[in-house]
Visitor: 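Can you keep this structure in mind? I'll have questions shortly.
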Amino acid sequence: MLNKDKISERKANLQAAIHQRRFLLPNLVTLGNLFCGFLSVIYASSGRYEKAVLAIFVGALLDALDGRVARRFNASSKFGLEFDSLADLVTFGVAPAFLMYQWCFKTNADEFGVIVCFVYVICAAARLARFNVVDSGSKDFTGMPSPAAAAMIVSVVNLFPSIELPEFSVAMGSAYILIVAYLMVCRIPYSSGKKFKFKNQISFIILVGVFIAMLWYEPRLTVFLVALTYCLSGPVKLLPFFKRKASKSIIPSSSTN
């Protein structure tokens with residue numbers, strides 16, 4: 001009887017210890033995200049752009065995973081939220097900006113490129129800070145999420161990782177990164193994907209098949225097109241045609257006397 005009581009006590013103590021340390025798992029996933037951002041900077045500094053791009057994409061996958069892990073194990077915490085934001089700032093703010101600087105600006109416009117890329121880092125930091133303090137209650141994002149912005153930056157580098165860029169590319173690169181930076185801090189709504197549903201399963205299967213085929217034959221171009229499609233999805237909703245379409249879909253409620 002005494003042995004059974006000891007076994008039960010040890011089991012209870014073990015369960016309590018596991019419960020107390022459940023916060024470690026999502027934070028370890030976030031730590032992996034942070035390491036991917038750091039690794040991307042290391043790769044970019046030595047000209048290994050393809051590996052730098054891959055590190056950021058792996059970081060994006062881990063960023064999407066850590067929240068799910070925290071909810072699954074009921075391990076959400078204020079520390080985890082702040083730690084996740086700091087990791088995102090490195091992986092989706094500093095690392096893409098540094099990669100773009102090394103790829104586009106270092107040779108042709110060193111000091112100017114530092115300023116342009118730093119503007120992107122500022123916008124990424126402001127975007128993440130606003131996400132932490134503003135709770136709009138909407139399922140949509142206000143402004144483009146930082147992982148999507150990073151995807152826009154690194155997908156271009158991924159298209160031409162070893163190309164010799166001419167001097168006029170400085171103007172194009174500056175406009176490109178500043179537009180992406182602005183889309184992070186603007187008030188344009190972007191879909192979070194939570195409301196995205198396919199009513200027709202056949203259309204969904206066809207779309208997945210086309211995506212897999214494109215990814216198989218042209219993976220670099222496919223990644224860029226996917227990032228570009230999401231980037232444009234916010235501004236496109238502001239066009240008059242889509243505004244009229246959205247207003248028609250709203251049916252006003254009739255009052256009864």
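Below, each value reflects all heavy atoms present in this structure, side chains not excepted, and no hydrogens, waters or symmetry copies. We're numbering straight along the sequence, starting at 1.
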Visitor: Between Leu54 and Tyr43, is any pair of side-chain heavy atoms under 4.5 Å apart?
Guide: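 Leu54 vs Tyr43: side chains apart.
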
Visitor: Taking atom types as modelled, find out whether Asn158 and Tyr49 have a side-chain donor-acceptor pair closer than 3.5 angstrom.
Guide: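 No - no donor-acceptor pair under 3.5 Å links their side chains.
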
Visitor: Main chain of Val223, side chain of Ser155: is a donor-acceptor contact present, judged purely on distance under 3.5 Å?
Guide: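 No; zero donor-acceptor contacts below 3.5 Å.
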
Visitor: Okay, side chain of Tyr120, backbone of Pro96: is any donor-acceptor separation there less than 3.5 Å?
Guide: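 Looks like no, no N/O pair under 3.5 Å.
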
Visitor: For the backbone of Thr142 and the side chain of Arg187, can you confirm whether one donor and one acceptor N or O come within less than 3.5 Å of each other?
Guide: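 Between the backbone of Thr142 and the side chain of Arg187 there is no qualifying donor-acceptor contact (under 3.5 Å).
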
Visitor: Who are the side chain to side chain contact (heavy atoms under 4.5 Å, CB included) partners of Leu31, not counting sequence neighbours?
Guide: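 Result, side chain to side chain contact (heavy atoms under 4.5 Å, CB included) vs Leu31: Leu28, Leu34, Phe83.
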
Visitor: Check whether any side-chain heavy atom of Leu65 sits under 4.5 Å from a side-chain heavy atom of Leu61, and report yes or no.
Guide: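 Leu65 does not reach Leu61 side chain to side chain.
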
Visitor: Are the side chains of Tyr176 and Ile153 in contact, using a 4.5 Å heavy-atom criterion?
Guide: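 The answer is yes; the side chains approach within 4.5 Å.
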
Visitor: If you count every heavy atom of other residues, nucleotides or ligands that lies below 6.0 Å from Phe57 atom CZ, does the total exceed 12?
Guide: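 Counting other residues, nucleotides and ligands, CZ of Phe57 exceeds 12 neighbours.
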
Visitor: Is Lys106 paired with Glu111 through a side-chain N to carboxylate O contact shorter than 4.0 Å?
Guide: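 Looking at Glu111 and Lys106, the cut-off is not met.
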
Visitor: Is any side-chain heavy atom of Ser174 less than 4.5 Å from a side-chain heavy atom of Phe105?
Guide: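 The answer is yes; the side chains approach within 4.5 Å.
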
Visitor: Looking only at side-chain N and O atoms, does Asp66 offer a donor or acceptor that is under 3.5 Å from a partner on Asn33?
Guide: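 Asp66 and Asn33 do not have a side-chain donor-acceptor pair below 3.5 Å.
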
Visitor: Within the structure provided, determine whether Asp88 and Pro147 are in side-chain contact (heavy-atom separation under 4.5 Å).
Guide: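 No, their side chains stay 4.5 Å or more apart.
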
Visitor: Would you mind listing every ring-ring contact (aromatic ring centres under 6.0 Å, His included) that reaches into residues 216-235, with sequence neighbours excluded?
Guide: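 Those involving residues 216-235 are Tyr190-Tyr230.
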
Visitor: Between the side chain of Trp103 and the main-chain N/O of Val154, is any donor-acceptor distance below 3.5 Å?
Guide: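 Here the side-chain-to-backbone pair does not exist.
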
